[in-house]
Protein chains: 2
Amino acid sequence: MVVDPLKDFPGYALRRASSAAMAVLARRLSILGLRPTEASVLMVIQANPNITQSEIGRLLDIAGANMAPLVGRLADRELIEREPVDGRSHGLKLSDAGRALTLRVKKAMTAHEDELVSKIPAPHRAAFLAALHALWSAEPP
Amino acid sequence: MVVDPLKDFPGYALRRASSAAMAVLARRLSILGLRPTEASVLMVIQANPNITQSEIGRLLDIAGANMAPLVGRLADRELIEREPVDGRSHGLKLSDAGRALTLRVKKAMTAHEDELVSKIPAPHRAAFLAALHALWSAEPP
DNA sequence: TATTGTTATACTCTATAACTATA
DNA sequence: TATAGTTATAGAGTATAACAATA
């Protein structure tokens with residue numbers, strides 16, 4: 001009946017797969033009161049204590065203008081602490097509450113990733129991840 | 001120096017790969033005065049003359065509320081024509097201008113897809129597309 | 001001069017609720 | 001009652017421009 005002319009375009013399949021996965025992850029994280037970007041920022045701070053917000057932005061490809069309200073929300077909820085390292089930049093660290101929440105974020109994310117990976121035949125998993133990295137990092141600016 | 005704790009998460013790589021690819025496609029299509037969703041709707045109409053807008057929404061997973069302004073823009077630009085098939089639904093067809101533009105959309109999309117595919121080793125391409133389809137269609141509602 | 005952080009603003013995509021007209 | 005189409009509205013992510021303070 002209805003023909004889908006986009007079905008065999010890898011770019012379209014990539015977009016649909018990504019948005020389907022993001023929707024599931026967002027639902028999981030909303031239980032913790034977090035959005036996906038907030039959760040990823042918490043994980044980056046945990047892995048890099050005293051990182052500055054501009055460094056996080058470069059790592060996650062989030063513009064500085066958008067980092068400000070994001071970090072502000074996390075600080076308002078006392079999940080992170082800011083300590084001046086410079087006259088203009090602050091090092092970010094997790095608070096105790098932030099550390100506890102990040103532990104739950106990690107569990108949610110790992111469970112989510114396991115779900116995704118389980119849908120891909122085991123022998124193809126490594127090549128799949130390699131292909132995603134090739135598409136991710138090699139795009140022109 | 002800075003550690004990326006998300007790098008090995010397929011879900012995160014999926015998101016980054018998708019948004020990088022979408023950014024490139026959006027830039028290509030903006031030359032034609034189209035957004036990615038508008039371009040995909042044109043292609044669906046071309047492949048399915050007289051399709052209704054609710055059928056397009058189900059195919060592309062776009063909510064009815066969001067189809068209305070999208071189709072309205074295409075009709076305002078006289079790229080498509082609406083003919084009542086029903087008291088409440090309209091069949092959509094490309095106008096001559098719409099057909100000409102869709103031809104250019106197809107070329108832009110094909111060029112874009114070829115670029116993507118070229119970044120993936122040839123022996124892994126089929127498995128990559130299959131994996132994307134598995135992630136796309138098998139997500140729970 | 002360049003960088004960090006910030007505010008303000010706008011656009012796109014998405015999501016929900018409410019309504020009408022038709023089936 | 002269910003569906004098609006529409007309007008209004010809000011949230012989230014992203015983008016640019018502008019600015020102050022600092023390096």
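Every chain is numbered from 1 and lettered A, B, ... according to where its sequence line falls, protein lines coming before strand lines. Predicted model, so just to flag it, every value in this text is computed and none were measured.
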Could you check A/L6 against B/L60 for side-chain contact (heavy atoms from CB on, under 4.5 Å), going step by step and ending with a plain yes or no? CA-CA 9 Å; A/L6 305 168; B/L60 300 183; 3.7 Å; yes
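- Residues passing the side chain to side chain contact (heavy atoms under 4.5 Å, CB included) test with B/R104, sequence neighbours excluded: B/L32.
- A straight line from CE of A/M22 to C1' of C/dT12 spans 16 Å, rounded to a whole angstrom.
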Could you walk me through whether B/W136 and B/D61 pass side-chain contact (heavy atoms from CB on, under 4.5 Å), step by step? CA-CA 11 Å; B/W136 164 9; B/D61 200 30; over 6 Å; no
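- Between A/H90 and A/A23, it is A/H90 whose nearest contact on DNA chain C lies nearer the 5' terminus.
- Near DNA chain C, meaning a heavy atom under 4.0 Å from it, residues 42-53 of chain A has A/T52, A/Q53 in order of number.
- Look at B/R82 and you'll find a side-chain N or O under 4.0 angstrom from OP1 or OP2 of D/dT6.
- Between the P atom of C/dC13 and the CD1 atom of B/I62 lies a distance of 9 Å, rounded to the nearest Å.
- Within the 4.0 Å cut-off from OP1 or OP2 of C/dT14, not a single side-chain nitrogen or oxygen of B/R35 is found.
- Rounding to whole angstrom units, CD of residue B/E83 and P of D/dA4 are separated by 19 Å.
- Hydrophobic clustering, with ILVMFWY side chains joined whenever heavy atoms are under 4.5 angstrom apart, keeps A/V117 apart from B/L135.
- Between the CG atom of B/D61 and the C1' atom of C/dT14 there is a distance of 10 Å, rounded to whole Å.
- The side-chain hydrogen bond (donor to acceptor under 3.5 Å, both in side chains) check on A/R82 picks up nothing, with sequence neighbours excluded.
- With sequence neighbours excluded, the residues that form a side chain to side chain contact (heavy atoms under 4.5 Å, CB included) with A/E81 are A/K93, A/S95.
- We find that CG of B/L92 is positioned 11 Å from C1' of D/dG5, with the value rounded to whole Å.
- An OP1 or OP2 oxygen of D/dA4 is reached within less than 4.0 angstrom by a side-chain nitrogen or oxygen of B/S54.
- Here C/dC13 presents its P atom at 15 Å from CZ of A/R16, a figure rounded to the nearest Å.
- Sorted by residue number, the members of residues 68-79 of chain A with any non-hydrogen atom under 4.0 Å from DNA chain C read A/A68.
- Taking atom OH of residue A/Y12 and atom C1' of nucleotide C/dC13, one finds them 14 Å apart after rounding to whole Å.
- Panel note: side chain B/H124, backbone B/I120; no donor-acceptor pair is recorded below 3.5 Å.
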Protein-proximity profile, nucleotides 16-23 of chain C, B/S/- by nucleotide at the 4.0 Å heavy-atom cutoff, equals BB----BS
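- Distance alone, capped at 3.5 Å, is enough to place a donor-acceptor pair between the A/S40 side chain and the A/P36 backbone.
- From B/T52, atom OG1 reaches atom CZ of B/R58 across 6.5 Å, with rounding to the nearest 0.5 Å.
- In this structure, A/F128 and B/F128 have tilted ring planes: the angle between them lies in the 30° to 60° band.
- The residues B/D96 and B/R99 are annotated as salt-bridged, a charged nitrogen and a carboxylate oxygen being separated by less than 4.0 angstrom.
- Within the structure, a side-chain polar atom (N or O) of A/T37 is placed less than 4.0 Å from OP1 or OP2 of D/dG13.
- In this structure, A/L34 places its CG atom 12 Å from P of D/dA12, rounding to the nearest Å.
- Using modelled atom types, one finds no donor on one side chain facing an acceptor on the other under 3.5 Å when comparing A/E113 with A/T110.
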